Amino acid sequence: MLPDEFPPEYILEAIDSMAPTDFKGKGSGSPKPKVILFDIGGVCVVSPFQSILNYELRHSIPPGWINHSISRSAPTGFWHRLETGSIPMDASFFAGFNRDLHNQSLWESFYRSQQAKHPSRFPPPGSPVPPIPQIDGEWLFHDMMEHARAPDPWMFPALKKLKDDGRFVVAALSNTVIWPEGHKWAEKDFFSDPLRQLFDVFVSSAHVGLRKPDPRIYQLALEK
């Protein structure tokens, strides 16, 4: 399906047709939404997770391992600390991120769980756990960010339409990173990006010191 086969007017029509209901399914009489809050990665821009899957398939890594190693390193993992702006993106970050991707105990627990869930894809339970996959964390990180720079071909025109419509506060809440000065993707004004300019409110994790799923960042978005 091409973007012109799914025109952004459909989104406005869907919003207009909303009939707010209470939990019993009856009309609540509530007004139509005033604010529309978006995530960015995988919604307004192409998902970076496709890059991860491509890397796993290319290097014969069990799918899901990289996401598992990143998510299970929270909240002190280097990825998570970068997204709260508490550490800079430098050589120390990439070294730490690499360590997070090569956590032996996490790898063993992940592998054992996959053996149990997918017995046809793995040696039988009790078989030795193979060596932990070797991952180039710095290369992977940049490839993910490269993927995530492309606006989603459906959502970008829909966002422009919502912005032009003027009836809604168009807001975003995103886990982000800050590129170091001199990097090809560094920005003097983070919010000057053409996509970010479409939002009336943009809550960036790396700028506010909180990241999803911390409830405090959602509260901050509501206050903004």
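Treat the numbers as computed from the prediction; the structure is a model and nothing was measured.
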How about E223: does its CD atom have over 12 heavy atoms from other parts shown lying under 6.0 Å from it? yes
Below 4.5 Å, heavy atoms only, C-beta onward: do H68 and Q114 meet side chain to side chain? no
To the nearest 0.5 Å, tell me how far S71 OG sits from H80 NE2. 6.5 Å
G64 backbone acceptor or donor facing E56 side chain under 3.5 Å: yes
Please state whether the rings of F141 and F97 are parallel, tilted or perpendicular, taking 30° and 60° as the class boundaries. perpendicular
Please determine whether residues F191 and W179 belong to a single hydrophobic cluster, defined as Ile, Leu, Val, Met, Phe, Trp and Tyr linked transitively by side-chain heavy-atom distances below 4.5 Å. no
Between C44 and F199, which heavy-atom pair has the shortest distance, and what is it? SG-CZ, 4.1 Å
Do L162 and V201 share a hydrophobic cluster, counting only Ile, Leu, Val, Met, Phe, Trp and Tyr and linking them when any side-chain heavy atoms are less than 4.5 Å apart? no
Between W185 and H142, how do the two ring planes meet: parallel, tilted or perpendicular, split at 30° and 60°? tilted
Derivation of the side chain to side chain contact (heavy atoms under 4.5 Å, CB included) call for V208 and V203: CA-CA 7 Å; V208 301; V203 179; 4.2 Å; yes
Between CG on residue L159 and CG on residue L195, distance to nearest 0.5 Å: 6.5 Å
Can you name the nearest heavy-atom pair linking I40 to A172, along with the distance? CD1-CB, 3.8 Å
Quick check for you: to the nearest 0.5 Å, what is the distance between H183 atom NE2 and I178 atom CD1? 13.5 Å
Closest heavy-atom contact between D214 and Y218? O-CD1, 3.5 Å
Looking only at heavy atoms, which two atoms of L140 and I135 are closest? And how far apart? CD2-CG2, 4.1 Å
Is the CZ atom of R58 crowded by more than 12 outside heavy atoms at less than 6.0 Å? yes
Can you list every pair that meets side-chain hydrogen bond (donor to acceptor under 3.5 Å, both in side chains) and has a residue in residues 41-55, with sequence neighbours left out? Q50-N54, S51-D143
Could you pull out all residues at least two apart from P130 that satisfy side chain to side chain contact (heavy atoms under 4.5 Å, CB included)? W107, Y111
Evaluate R112 against Q115 for side chain to side chain donor-acceptor pair (under 3.5 Å), listing each step before the verdict. CA-CA 5 Å; R112 294 298 188 198; Q115 280 182 311; 3.1 Å; yes
Is any side-chain heavy atom of L222 less than 4.5 Å from a side-chain heavy atom of Q219? yes
Describe, in one word, how the ring planes of F190 and H207 are oriented to each other, choosing from parallel (under 30°), tilted (30 to 60°) and perpendicular (over 60°). tilted
Minimum heavy-atom separation for P62 and F110, please, with both atom names. CB-CE2, 3.9 Å
Residues forming a salt bridge (Lys or Arg N to Asp or Glu O under 4.0 Å) with K163, sequence neighbours excluded: D200
Check R149 against M145 and note the closest heavy-atom contact, atom names and distance. CG-O, 3.0 Å
Residues in side chain to side chain contact (heavy atoms under 4.5 Å, CB included) contact with S205, at least two apart in sequence or another chain: E83, N175, T176, R211, I217
Determine which pairs satisfy side-chain hydrogen bond (donor to acceptor under 3.5 Å, both in side chains) with at least one residue from residues 127-137, sequence neighbours left out, and list them in order. none
Is there a path from V129 to F122 through hydrophobic residues (I, L, V, M, F, W, Y) whose side chains come within less than 4.5 Å of each other? yes
Are I52 and W65 connected in a single hydrophobic cluster, I mean Ile/Leu/Val/Met/Phe/Trp/Tyr linked by side-chain heavy atoms less than 4.5 Å apart? yes
What's the separation between atom CD in E138 and atom CG in N98, rounded to the nearest 0.5 Å? 8.0 Å
In one Ile/Leu/Val/Met/Phe/Trp/Tyr side-chain cluster, 4.5 Å: F49, V43: no
How many angstroms lie between atom OG of S174 and atom CZ of F38, to the nearest 0.5 angstrom? 13.0 Å
Hey, does I70 have a side-chain heavy atom less than 4.5 Å from the side chain of D100? no
In this structure, are over 12 heavy atoms from other groups packed under 6.0 Å from K160 atom NZ? no
Checking L37 now: which residues fulfil side chain to side chain contact (heavy atoms under 4.5 Å, CB included) with it, not counting sequence neighbours? A171, L173
